[in-house]
Amino acid sequence: AEKAAAETKQHESTPQSYARNGKLAYMVPSITAHCKKLADTSRQLETSLRTLASDHGQLAGGAVYQPPVPSTRSAGTATAGSLSDTELADLAARATSAADHQKLEQHFAALAARYEEDARNHNAYAKSWRATTKVASAATIAAHCDRVADGYRDAAKEAREVATMHKDHAAAIAR
């Protein structure tokens, strides 16, 4: 939930970085729209994840069953190609070359891949919760996991679209 909250802030601040780059002024409306969708999705994910955390906290008061955690990535692991908040803001503010846009493309493609992985993991969590009969609220938790997975899939779609915009822009500059 904290990661989703941080990503909401990042997505909300990214359009200002693009706006500072005079050569990318034409991209600001479309980037702003994508960033708004990503921020909204992150905000919804944060709410769902906080609800899940609360449900798990209640279960911890006596539940014995814990579904397996299917994550294929360690928590906090950086994704190859991703930029820090500062790097993203700086690059968006000064991007002029094809190489700059390729770095931005790689960042958003890595973000999409991470979101897709998170969606797969939450689908697996939901499946695991549906398989248990030992926890009365398992169906409710599975439904939360489904909503989180849907949110991550939506975020992945938006990130892929931004990556494609930067790929196209890099190709246009290289011509």
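What you see below is based on every heavy atom in this structure, not just the backbone, and it leaves out hydrogens, waters and symmetry mates.
Thr47 contributes a side-chain N or O that, together with a main-chain N or O of Arg43, makes up a donor-acceptor pair within less than 3.5 Å. No donor-acceptor pair under 3.5 Å is formed between the side chain of Ser128 and the backbone N or O of Ala124. Between the side chain of His122 and the main chain of Asp118, a donor-acceptor pair closer than 3.5 Å is present.
Side-chain contact between Glu117 and Arg114 is absent, with no heavy-atom pair separated by less than 4.5 Å. Using a 4.5 Å heavy-atom threshold, the side chains of His144 and Thr140 count as touching. Put simply, the side chain of Met27 reaches to within 4.5 Å of the side chain of His166, judged on heavy atoms. In this structure, Lys157 and Thr41 have side chains that are not in contact, with every pair of non-hydrogen atoms separated by 4.5 Å or more.
Among Gln44, Lys36, Lys37, the one residue that satisfies the side-chain hydrogen bond (donor to acceptor under 3.5 Å, both in side chains) test with Asp40 is Lys36. Remark: of the listed residues Val162, Thr164, Leu83, Val162 is the sole one forming a side-chain contact (heavy atoms from CB on, under 4.5 Å) with Phe108.
How far CG of Leu38 is from CD of Glu12: 11.0 Å, rounded to the nearest 0.5 Å. Atoms SG and CG, on Cys145 and Asp150 in that order, are 11.5 Å from each other to the nearest 0.5 Å. Annotation: the span from Asp90 atom CG to Asp85 atom CG amounts to 10.5 Å, rounded to 0.5 Å. In this structure, the separation between CG on Asp100 and NZ on Lys23 is 10.5 Å, given to the nearest 0.5 Å.
Ring geometry for His101 against His169 counts as perpendicular: the plane angle is over 60°, on a 0 to 90° scale with 30° as the lower cut.
Of all non-hydrogen atoms in Ala163 and Glu105, the two that sit nearest each other are O-CG, 3.4 Å. Heavy atoms only, all atoms of each residue included: Ala138 and Thr132 are closest at CB-CG2, 3.4 Å.
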**Message:** Using salt bridge (Lys or Arg N to Asp or Glu O under 4.0 Å), reason through Glu2 and Arg50 one step at a time and then give a plain yes or no.
**Reply:** CA-CA 9 Å; Glu2 294 304 319; Arg50 289 193 192 285; 2.8 Å; yes
**Asked** How far apart are the C-alpha atoms of Tyr115 and Leu45, what are their side-chain angles, what is the distance that settles it, and do they pass the side chain to side chain contact (heavy atoms under 4.5 Å, CB included) test?
**Response** CA-CA 11 Å; Tyr115 286 153; Leu45 286 169; 5.6 Å; no
